[in-house]
Each structure stands twice: as structure tokens, then as C-alpha cells.
Trainee: 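The structure's right below; bear with me while I get my questions together.
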There are 2 protein chains.
Amino acid sequence: MTAAGRTGISARRARRRRHNHPVFKPTVEDIAVAAGVSTATVSRVLNKPDSVSQFLRDKVRAEVTRLGYLPSGAARALASNRSHTAGAVIPTLNNAIFATAVAAFEAALTNNGYTMLVTVSSYDHIHEIAHVRRLIERGVDALMLVGLDHHDDVWRLIESSKCPAVAIWGHQDNPPIPCLGFDNAAATCGVVDHLVGLGHRRVGMVAGVTEGNDRARARRQGVEETLRRHGLVCTSRRFVEKPYSHQDGRDGLSELLAHGEPPTAIVCGNDVLAMGVMFEARDRGLSIPGDLSVVGFDNLPITEHLSPALTTIDVPSAAIGTATAEAILHHLADGTPIASRVFPAPFLLRQTTAAPA
Amino acid sequence: MTAAGRTGISARRARRRRHNHPVFKPTVEDIAVAAGVSTATVSRVLNKPDSVSQFLRDKVRAEVTRLGYLPSGAARALASNRSHTAGAVIPTLNNAIFATAVAAFEAALTNNGYTMLVTVSSYDHIHEIAHVRRLIERGVDALMLVGLDHHDDVWRLIESSKCPAVAIWGHQDNPPIPCLGFDNAAATCGVVDHLVGLGHRRVGMVAGVTEGNDRARARRQGVEETLRRHGLVCTSRRFVEKPYSHQDGRDGLSELLAHGEPPTAIVCGNDVLAMGVMFEARDRGLSIPGDLSVVGFDNLPITEHLSPALTTIDVPSAAIGTATAEAILHHLADGTPIASRVFPAPFLLRQTTAAPA
DNA sequence: ACTTGCGATGTAAGCGCTTACATCATACTA
DNA sequence: TAGTATGATGTAAGCGCTTACATCGCAAGT
């Protein structure tokens, strides 16, 4: 495959150029020939321009634009073992807070020549396995997952592929992979302290679904433990778990109100549930915070405009997305290990809490 | 490169297996050897299992799972000229309506073995060029764009790469690429008819930024033309254009109210702006719809829970995302041409409109 | 003048797959 | 029984890049 091989290639290519004309996609070889250099030089111009003399560099670049050359990502990935892509597996995009994180992640990647592959797990750990497998097959250089609750196969896949992975949104000591998130439990803990400080004794919660969701679980635990610490009742009937919609929030409040001795304050697993609670309260003629205190979690943009403005926890979603991308990029660039990081998730005191009636 | 070549490969691989042990990633060849078949058979088992005898099929599959084999997407893409990925270029992910469409698009792709690459253009046509180029370089089998306003270079890139592309959200006769969307102008036209029918003579608009955005432009034109058709005043001071935030909506209302003869009804370019208008009206003590009628566009989930519930246009975002993926998948599977499609975008009459005071 | 060293360039061997084509049994046809 | 489709399998040539290594020229060191 020396002279004969090359000729074969060129002959075929020349043929394609003439007959198969619908699509002529120039390759490195075409550029090399056009610029009168070797393919290695073309590759160098594209990848480490500094190692090529200015003269040839300009010549090659001219041909690249003249012929409209687009390098083949597949060939590049195959030869270099780097795809310049990163994958993100998220529970849902229909949650503004994740969408924001993903958008920030994508922006940082794009600014550095990377492209993002996204896949939505719908909170399903079994599906997630297939998604992670697929992303690894696609050759992503790194992976972003949400939380630390994952199927064993996911960990195995990450382990055996040696694909750098980082978990966001959560926080844990000695996590299996680096973790960029915040302390979900501490956040709700602070909320309860505040509520108890206002005089509330009957605190309820409309939590997110905690099964298979370490963030939701931590938030619920934060509430439970703090309630106990204050010596307050913390029965299961004060806790309902709901998926993610305004209607779920409404339903949550209805259920909490159905029992005798209903809570005077409700902590919510996220802002959407909190808004649902607020809507339902409004429709039932309950005034907030007069009759009922409500606290959310996420600080969605709309919450500050509500009347009353929702007291909530500010989740630094964009910062996490950006930081994750940067950590990955650094790691990929020079091997810098990815360090776990705990972001502050400050309590935003607004207008939906007050002393109980 | 016959016997010698192969031996060379095997030798290298064997060496890697022993020394370089940190990561041993089996290849088709490893599977082939382990199963006692040729690499072609392994490939067939993976891609068209029906063409292989059950006996060998099972044998190969057993080795695949035993060795934890993950095919290399890059090699596969390079050899087959199909990456099994599709790209989406969207203006922003921080708009629930796009996030929903993207999520639906992704779900349909994933269900069919495809993976989605996403890139956010931030409404910047120049940036978009680079994004489209990159996606094409990555070898996406198809592309989803939003709207039909794009830089010439984008069209050129699509044209010369022969990458199937579809535009969503918009509508146009004889579009350059298939278009799955709805009639933005007709929608706001209907809105104005309704408002005028209620007796409004002074109708204003808080539009989205129309420059470089055919959807926003069509919505605004729908309002303008209908106003003229009814013989009503349609001056530029009745129109303000704003980006996408609640605050922008508030600002929009403030500006519209700053002039003498302020509008009695306001059509908004999207629901976020509409909510901003509602918040500002509330803070100014204006009652809706008593003092001011407001209409949104998108039908975000929250809008029906607002008080009063927002009258708006229902944008079939999930349906568009799903349909786009399916059309692309069909096209990729058997060449079925992608047909343009106009989705209904029904007017949802709720509680924010009434006859003027 | 004669190494040395170094930066710029070329050579060619892969990267891990897919697939056209060749081969070979096997089962039909007549 | 010879001839021929037919289906299953193997062979090996690429797909379009990157990169280790070889080569070459030239300035600097002795």
C-alpha cells in the first residue's frame, strides 16, 4: 500500500469528484495537494498552527477556505482519540433550573471548541444506563450527571471507560466522582430554623419525589432532622411527595390541609411546587403569609415577581453549569484533577413567611 | 499489509492489553477472535442481526456482554458515513417553550438510537454560523434550526454539506428547507380581531425583538396588519420591542403607559413578557382585565394558574419537537422527503381580556 | 570546516469500524 | 446427477484523519 495504494486512493477520489459530483467534500489530502504540502502539515495547521511556518500556514488556510473544507469529526476522533464533545445526562429539560445549568454548561463548552450531547433520563435510573452507555459509545470526552444516585451499571460504565465524569447538584463526602453542587439538606435546615424562629410549630412539606433522587431526599431530610432537633412533630402525614408541576403543588397543599391540625408553614421541594401551593391557597381564600407561610427552592426568575414574592433558596444553577464545564475543560487540557466543590445556596427571605396567626 | 499487517496489529494490541492495562477496550477484532468469527460477522450481528445465523449471533452477543464491548462511534461513523446523531441549534434554552421542543426532539431521537447535539445561538446569526459548521463537522445526520432567518453562510453550509435540515417554529411558502411550525402572524391576527371585537380601539404591543427573528416579526406584523384592516391607529409608539424577561415585560408596559392615550389592550410577543406586563399592572394598581386587557403567546404551563388566567396562544412545542424528529428519522431511514407542516396554534381565551372600561 | 541541535516538513502506519466482493455449503431445479 | 440459485461467512480495502518517526536544512558551537 505504498505507491499503488496512494494512486488507488487518488484515482477513486478523482472519479468521485467527476461523476459523483452531487457532493464533493474535500479531505485533508485535497487540501494538501492544493497547497502543495503533506497531509501532516495540513493537520498541523489545523491543530497546532504554531508548529508550522507562517508561509505554509497561510497557504493551507487559504485552500481551506477556498475549497470550503470541513474536517471530519469522526476521522479526527478516531485518529486522536478525542471527540471534543461532552455529554450531559439530566433528569429533565422541562425544569428551568436544569435548563439553565445545561445552557451554561453548553456555553462554556462551545466557547472552547467543544460540543454538548444531551440526553434526558426522565428520572429513570434504568434508562439512564442506556443513555450513559450511548454517550460513551459516541466518544464523549467527559460526562456530566445530575446527583449521585445512579445504577451500579452507570458507575461500572464510567469506571471501565475511564470517561471523566462529574456529578452536579448534590454534595457528599468522598463522592465516587467529583461533585459540583450545594448542600441540599443544609438549605432546608436553614429554612426550618427560620420558620421555627417565627413561631411555627406545625411545619409541613411538599417534597419532590425522593426515591432515587438524592437531592430531593436531602431536602426532605433537612426538614425532618431540623424539626426533630427543635423537638417538633414530624409525622409522615405532614409530608407529601409530588412530581414536578403546579398542579402537583396544588394537590400537595390539598392533602396537607385535609388532616386535622394542618401545618401553618409549608416547605416545598422546589419553586414550581411552591407556586402550586400558592395558587391553591389563593383559590381557597387562604392568605399568604397571613394564614400560611410558604418557602420554595430554586429561585426561579418569576418568583421575585409574585405577590407576595416567594421566599426561597437560590440555587446557583448557571454557576454550577459553567464551573462544571470549566473543570472538565481544564482536566481535558492538562490533566488537572476535577475538584469537588460546594456552592453556597443562600436563603432568600422575601414575603411568603410570617409568624403564624 | 496482509499477514504482516494483521500480525502487527495483533501484536500491538496484545502488548497494550498486557502493559497498558489501565484501560482495555475491546474492539470488534477482540470480539471476533473470542467468538471465533470474522470481524464482518461481529459487525453484522451488531447492525443487521437477521443476516447472521442464530448460532453465531448468540455466540457473538455473549462475547460482547462478557467483554463489555462498546463500539466506537467514531470508527462507526467514519466507516459508515452515519453518526446516528442529530443537531439542534436553538436561540436559547432559558425559554421553557424551546426547552420543551428540544426535550421532545431528544426523546424521539433517543428512542430510535439517535443522540442529540445541542448548541445555543443566543439569537446571534453570526455565532450561529460557527455552531452550524461545528455540528456538520461533528457529522450530524440532520439538523434542526429555529426559524428561517439565517445568515447566508448557514444556508451555504447546509447546501454544500447536503445535511438534511429542518426549520421549526416558523411558516413560509416555499421555504428553503422543510419547515415545521405554525402561522405566527395568523395567530396574533386572531388575537387582535378578538380585542377589537370586544371594543378596543387602542391596542398596543410588547413584542419580542424582531430583528433577525422571523417569528417575532410575523407576530408583530400580524398585529399591525390587523389593526390597519380594522382602520385603527397603528403608530410605532404603540409598539415596543423587548428581549425575554419578566422585567422586560414590566418595562414594556411602563413605556406604553408613558404616552397620552395609552392602549387599553396589550398583545405580547410571548408569555413571559405578558406576565411582566401583568406584574407591572398589578403593582401600579391597574386591574386586569378591567383597566387593561393582556394577551400572551406560548401558553406556558403557569399561565393557566395565574389570577386572572392569561389569555394566550397555545404553541404546540412538544408536538413540533416530536414531529421534527420523526420526519428526520423517516428521511434518514428510507429517504422519505421531509414535508413542511403547519401546526394549529389555537387561541386560548381565558380571563385577561374584557371590553375596555 | 565539522559536528550538533533544532525547528520545519514529509512519510506512512494506524485509529476501529463497515461493506463490496469473494467464497463456500447447501438446497433446488430439471 | 450436474447446474445453479441462495444464504451465511470471510477477506480486506478503505473511511479521513493524527502522529511517531524519519528527514532535511540551517544556524550555532568548537
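Within every chain, numbering begins at 1; the chains are lettered A, B, ... in the order of the sequence lines, protein sequences first and strands thereafter.
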Trainee: For A:A323, give me all partners under side-chain contact (heavy atoms from CB on, under 4.5 Å), at least two apart in sequence or on another chain.
Mentor: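 side-chain contact (heavy atoms from CB on, under 4.5 Å) list for A:A323, sorted by chain: A:L180, A:R341, A:F343.
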Trainee: Can you identify which nucleotide, out of D:dC17, C:dC17, D:dA12, has its nearest atom closest to the B:T27 side chain?
Mentor: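 For the B:T27 side chain, the nearest candidate turns out to be C:dC17.
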Trainee: Reckon A:S80 has a side-chain N or O less than 4.0 Å from the OP1 or OP2 of C:dC15?
Mentor: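 Negative; the distance criterion is not met.
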Trainee: Under the ring pair (Phe, Tyr, Trp, His ring centres under 6.0 Å) definition, can you give me all pairs with a residue in residues 29-86 of chain B, not counting sequence neighbours?
Mentor: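 Sorted pair list: B:H84-B:Y114.
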Trainee: Looking at residues at least two apart in the chain, or sitting in another chain, which of them share a side-chain hydrogen bond (donor to acceptor under 3.5 Å, both in side chains) with B:S38?
Mentor: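 Expected list: B:T41.
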Trainee: Rounding to 10 degrees, work out the angle separating the end axes of the helix from C:dA1-D:dT30 to C:dA30-D:dT1 (five pairs an end).
Mentor: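 One end axis against the other gives 40°.
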Trainee: Please list, in numerical order, the residues of residues 42-51 of chain A that have a heavy atom closer than 4.0 Å to any atom of DNA chain D.
Mentor: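 The answer is A:S43, A:R44, A:N47.
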Trainee: Suppose we screen for side-chain hydrogen bond (donor to acceptor under 3.5 Å, both in side chains). Which residues come up paired with A:H131, at least two apart in sequence or across chains?
Mentor: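 Partners of A:H131 under the side-chain hydrogen bond (donor to acceptor under 3.5 Å, both in side chains) test: none.
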Trainee: For A:D334, which residues count as a side-chain hydrogen bond (donor to acceptor under 3.5 Å, both in side chains) partner, sequence neighbours excluded?
Mentor: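 Per chain and number, A:D334 pairs via side-chain hydrogen bond (donor to acceptor under 3.5 Å, both in side chains) with A:T336.
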Trainee: Determine: side-chain N/O of B:T39 to OP1/OP2 of C:dG16, distance under 4.0 Å, yes or no.
Mentor: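 For B:T39, the contact criterion (side-chain N or O under 4.0 Å from OP1 or OP2 of C:dG16) is not met.
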Trainee: Taking side-chain hydrogen bond (donor to acceptor under 3.5 Å, both in side chains) as the definition, give me every residue that meets it alongside A:S72, ordered by chain and number, with sequence neighbours left out.
Mentor: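 If we apply the side-chain hydrogen bond (donor to acceptor under 3.5 Å, both in side chains) test to A:S72, skipping adjacent residues, there are no hits.
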Trainee: Just wondering, more than 12 heavy atoms not from A:N81 lying within 6.0 Å of its CG?
Mentor: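 Not buried by this count: 12 neighbours or fewer within 6.0 Å.
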Trainee: Go through residues 61-73 of chain A and report each residue with a non-hydrogen atom lying under 4.0 Å from DNA chain C, sorted by number.
Mentor: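 Listed by number, there are none.
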Trainee: For nucleotides 22-28 of chain C, which of its nitrogen or oxygen atoms have a protein nitrogen or oxygen under 3.5 Å away, and what is each distance?
Mentor:
none

Trainee: Applying salt bridge (charged side-chain N to carboxylate O under 4.0 Å, His left out), which residue pairs with at least one partner in residues 99-128 of chain A are found, sequence neighbours left out?
Mentor: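 Qualifying pairs, neighbours excluded: none.
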Trainee: When you measure from the side chain of B:T41, which nucleotide among C:dT11, D:dG10, C:dG16 comes out closest?
Mentor: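 Selected nucleotide (nearest to the side chain): D:dG10.
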Trainee: Which residues pass the salt bridge (Lys or Arg N to Asp or Glu O under 4.0 Å) test with A:R66, not counting sequence neighbours?
Mentor: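 Only A:E63 meet the salt bridge (Lys or Arg N to Asp or Glu O under 4.0 Å) criterion with A:R66.
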Trainee: More 5' along DNA chain D: B:A79 or B:V37, using each one's nearest nucleotide?
Mentor: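 Its nearest nucleotide lies further toward 5', so the answer is B:V37.
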